[in-house]
Amino acid sequence: MSKQTAAADGRWHRRVWRLSWPVILANLSVPMLSAVDAGLMGHLPDPSFLGAVAVAAVIFNYLYWGFGFLRMGTTGLAAQAWGARDSNEVRATFGRAMLLAWGLALIVLALQEPMRLLAFRLLQASADVESRASLYYAIRIWGAPATLSNYVILGLLLGLQRPIAALVVQVAINGLNVALSVILVIGFDMQVQGVALGTVMAEYVGLAIGLALVARVLHATGGRWIMRQLSDLRRFVALARMNSDILIRTLLLVSVSAYFIGRSAEFGDNVLAANALIFLLQSIVAFGLDGFAHAAEALIGDRLGARDRAGLRRVVRASTHWAVVVALAFSVVFLVAGSALLDLLTDLPDVRKEALRYLPWAVALPILSVWSFQLDGIFIGATRTAEMRNAMVFSTAVFAGLVWLLIPLMGNHGLWLAYSIFMVVRALTLGLYYPRVEHAANPPAA
């Protein structure tokens with residue numbers, strides 16, 4: 001490797017870290033919030049409180065993660081517009097996504113009751129869990145407009161490589177959420193209702209902060225609002241097509257998680273609560289490693305907009321290198337301190353005993369899942385959403401077959417093994433499509 005090449009690689013490693021560390025901190029505040037919620041519920045006298053929050057989380061994963069395309073699509077499109085130095089399109093991208101977010105939020109609010117009935121019919125939790133989860137749902141659903149709008153705000157800030165601003169929004173939301181949850185649950189004895197109300201209040205405060213930051217960023221990037229460009233039907237159709245691919249991909253991903261929790265409930269409330277705790281550790285990994293995936297999204301989109309194939313390759317190498325290093329670190333932490341982490345989350349002896357049985361899966365999953373997280377970031381930045389959809393369809397089919405085969409043989413361990421293989425298959429299928437990403441970065445023909 002020449003000194004010039006080494007210097008260029010070094011610059012990309014620094015750029016990846018400059019974008020990643022604020023996003024890692026911001027992302028880790030999300031599962032930290034879940035950890036606080038689990039800790040608050042896990043120290044109440046009945047495991048159904050913890051199970052209720054886990055079941056409610058599955059429902060809102062469907063409702064909100066299903067609309068994750070608002071964040072992902074905005075990041076990819078804004079990054080490519082910024083790479084092409086088209087400030088007017090940056091503004092139009094944000095405006096179109098916000099209009100879509102509010103339209104979808106109004107639909108969610110209008111359909112909240114039939115969605116609730118369908119969700120609990122499918123999940124089939126115990127009566128105590130369902131009763132408490134319903135209380136959570138009835139409050140949390142009113143945060144939909146703020147939640148979906150915040151996805152768009154974060155997408156724009158990440159796409160324009162403003163990670164500190166994204167950090168401010170996320171930490172404000174989740175820090176306030178933690179404080180309010182503790183006050184409402186412990187101070188006012190509101191139990192699951194307090195956790196839900198704290199989340200809704202924090203989301204709306206975060207929306208106000210996010211809009212103020214977006215106004216500053218757009219002023220700095222220049223450009224102007226052009227109504228004809230904002231309402232361009234052709235671009236709305238392209239946005240809808242791309243978002244439909246991400247929606248299918250995300251709903252399948254969330255369906256795997258929901259099915260996982262649903263099957264966990266069949267093993268009883270203690271195993272359900274234990275699986276929820278191990279899943280929480282995996283979510284910490286996912287949100288942490290997503291910092292490098294988000295850096296890849298912004299930088300890949302920027303390099304594609306500039307038609308810089310060599311730069312794209314350097315982004316892939318640098319971001320993946322550090323993602324793997326951090327994944328290994330997570331595995332070591334869970335191996336050494338996993339038992340202590342579980343002690344912090346629950347003092348219910350039966351739940352803790354079950355969680356310790358399945359802790360080895362938490363140790364293995366960071367290494368098994370890092371590749372799919374990283375490839376997701378690469379494909380989002382490239383806006384190669386059809387490939388993401390196709391890879392997820394195949395991976396979900398593999399998971400379904402494995403569950404059918406392994407649970408009768410291995411019980412809950414079979415469920416965890418099926419999920420682990422699912423993560424590996426996601427990476428393998430996306431890897432087969434990767435050459436298309438590099439091809440899209442080729443300079444236009446003369």
Side-chain angles (χ1 to χ4, degrees), residues 26 29-30 33-34 37 56-75 77-78 91-116 118-119 133-159 165-166 168-181 184 192-218 225 230-231 236 239-240 243-244 246-247 250-251 254:
S29 69
V30 178
L33 168 63
S34 298
D37 290 348
V58 168
I59 296 172
F60 284 100
N61 284 348
Y62 262 109
L63 290 180
Y64 294 155
W65 285 13
F67 297 126
F69 58 76
L70 292 166
R71 204 279 305 160
M72 299 178 208
T74 304
T75 297
L77 292 173
R91 289 173 178 257
T93 295
F94 176 72
R96 286 191 292 266
M98 283 297 284
L99 289 173
L100 181 59
W102 277 85
L104 292 171
L106 292 175
I107 293 172
V108 166
L109 293 177
L111 297 178
Q112 60 180 282
E113 183 58 19
M115 289 191 300
R116 184 190 69 82
L118 176 61
S134 294
L135 295 174
Y136 182 102
Y137 177 94
I139 297 171
R140 177 79 187 277
I141 193 70
W142 290 99
T147 301
L148 300 191
S149 297
N150 285 331
Y151 283 168
V152 176
I153 289 169
L154 290 173
L156 181 77
L157 295 175
L158 292 172
V168 169
V169 175
Q170 282 287 80
V171 171
I173 293 172
N174 295 317
L176 181 60
N177 197 340
V178 167
L180 288 171
S181 293
L184 294 172
V192 294
Q193 299 99 309
V195 171
L197 182 59
T199 300
V200 172
M201 293 169 66
E203 287 282 1
Y204 280 101
V205 173
L207 174 59
I209 295 171
L211 289 174
L213 288 171
V214 164
R216 291 182 60 183
V217 168
L218 291 179
W225 297 101
L230 179 63
S231 58
F236 260 115
L239 177 65
N243 286 344
S244 66
I246 301 177
L247 174 62
T250 304
L251 287 178
V254 176

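What you are looking at is a predicted structure, and each value in this text was computed from that prediction instead of being measured.
A distance of 12.0 Å separates CD1 in Ile153 from CG in Leu158, rounded to the nearest 0.5 Å. Of the inter-residue distances, the one linking Leu156 atom CG with Leu218 atom CG reads 5.5 Å to the nearest 0.5 angstrom. Between the CG atom in Leu109 and the CH2 atom in Trp142 there is a gap of 5.5 Å [rounded to 0.5 Å].
Side chain of Asn150 to backbone of Glu203: a donor-acceptor contact under 3.5 angstrom is found. Put simply, the side chain of Arg140 never gets that close to the backbone of Thr199: no donor and acceptor are under 3.5 Å apart. Side-chain atoms of Asn174 come within 3.5 Å of backbone atoms of Gln170 as a donor-acceptor pair (strictly under, hydrogens ignored).
In this view, Leu106 satisfies the side-chain contact (heavy atoms from CB on, under 4.5 Å) rule with no residue, not counting sequence neighbours. For Tyr151, the ring-ring contact (aromatic ring centres under 6.0 Å, His included) criterion is met by no residue, not counting sequence neighbours. By the side chain to side chain donor-acceptor pair (under 3.5 Å) test, Trp102 is found to be paired with Ser149, residues two or more places apart in sequence or in another chain being considered.
Listed by first then second residue, pairs satisfying salt bridge (charged side-chain N to carboxylate O under 4.0 Å, His left out) with a partner in residues 105-114 read Glu113-Arg116, not counting sequence neighbours. Residues in residues 102-112 take part in no salt bridge (charged side-chain N to carboxylate O under 4.0 Å, His left out) pair, two or more places apart or across chains.
Residues Leu70 and Leu100 form a side-chain contact, since some pair of their non-hydrogen atoms from C-beta on lies under 4.5 Å apart.
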What donor-acceptor contacts under 3.5 angstrom involve side-chain atoms of residues 205-216, with partners at least two apart or in another chain?
none

